[in-house]
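Any value given below was found using the heavy atoms of this structure, including those in side chains, with hydrogens, waters and symmetry copies removed. Starting from 1, each residue takes its place in the sequence as its number. In each ligand, atom 1 is the first atom listed, and ligand 1 is the first ligand listed.
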Amino acid sequence: MSDAKPPKRKRKIAYHTATVRNAFLTKLPDAIMGGVLKRRHVAQPIEIAEHAFASANWPRDFDGLRIAHISDIHFGHLLGEERLMQAIDAVRAVNADLIAITGDLVDLSAHEAPLLFERLALLKARLGVFVVLGNHDHLDHPRIVGRGAREAGLIPLVDESVRAGGRDGLLVAGIDWAKSIPACGQRLRKCGTGRADLLLAHNPKAFVAAEERGIPLTLSGHTHGGQVARRANRRHNLVFTQRLNAGHYHVRESHLYVTNGVGAWFPLRVNCPPEIAVIEMRAR
Ligand SMILES: [Fe+2]
């Protein structure tokens, strides 16, 4: 699959394209404005978006489980250590049973990873802190990002599923970055034949395959909620390539939550606040 494991050259081109984009669309306008764009961007409060969903497929033993969902940190030029700590403190205050981090941990460079994971190591949850990578994590050295997560005591999931909370625990699956619906489906198949209880996937397109399997909850990011949205309908936003672009979707017994995320690569958010989602799952 072309986007399953990009060859070195393809990744280099993507990295340089992102670097140029970052220079012209982020750093240059911010420098011209005397740093105002970045200051305003990180001054926006991080919203805690609380939701409760119910599914007949959710295991009764985990009725009422609370998951803190944080995504798209984009640690780097726009989101530095101070803002990261605001986000981490907000997640810790939730005191969730499980923490899900759904990709784009770093913005451009994997060399940001050591400091990032030193701080992310502060996150603790009864059932674990799970991580999947996003497209930005793949721009530079995804292995460094994955290794950093593991060394920080987090649980990176690369097309695999694990039981959280022991032998009869919650079955948590996580897929690596995949660009298309078929590629997401292919990665999900690698996670095993059993139906996971929870799927973490950076790309919301994974919900197509997740819903076919009846997975009760999928958590995604990637779209940043479109960053610029109409106040009356936040799904009317700047994302034109994703049908599932913001918030909660529900098909039969399967739910998807697409978070706005906390960071971005472009310093503008209108009617689309940075957020940490807290999902309470109920068995029906
Ligand atoms: Fe992102």
J.: For a quick check under 3.5 Å, do His69 and Tyr257 share a side-chain donor-acceptor pair by atom type?
T.: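 Judged by distance alone, the side chains do not pair up.
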J.: Are a donor atom and an acceptor atom from the side chains of Asn135 and His202 found within less than 3.5 Å of each other?
T.: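 Yes, His202 and Asn135 have a side-chain donor paired with an acceptor closer than 3.5 Å.
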J.: For the Fe ion (ligand 1), give me the closest N/O/S atom belonging to Asp72, just the atom name.
T.: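 Minimum-distance N/O/S atom of Asp72 relative to the Fe ion (ligand 1) is OD2.
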J.: Assert yes or no for the condition that the ring centre distance of His74 to His224 is strictly below 6.0 Å.
T.: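 Distance test on ring centres: under 6.0 Å, yes.
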J.: Of the backbone and side-chain N, O or S atoms of His224, does one lie nearer to the Fe ion (ligand 1) than 2.8 Å?
T.: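 Yes, since at least one N, O or S atom of His224 sits under 2.8 Å from the Fe ion (ligand 1).
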J.: Counting backbone and side chain alike, does His74 bring an N/O/S atom below 2.8 Å of the Fe ion (ligand 1)?
T.: yes
J.: Closest N/O/S atom of Asp104 to the Fe ion (ligand 1), by atom name?
T.: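 Considering only N, O and S atoms, Asp104 comes nearest to the Fe ion (ligand 1) through OD2.
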J.: Is the distance from the ring center of His77 to that of Trp265 below 6.0 Å?
T.: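 No, they do not, as the ring centres are separated by 6.0 Å or more.
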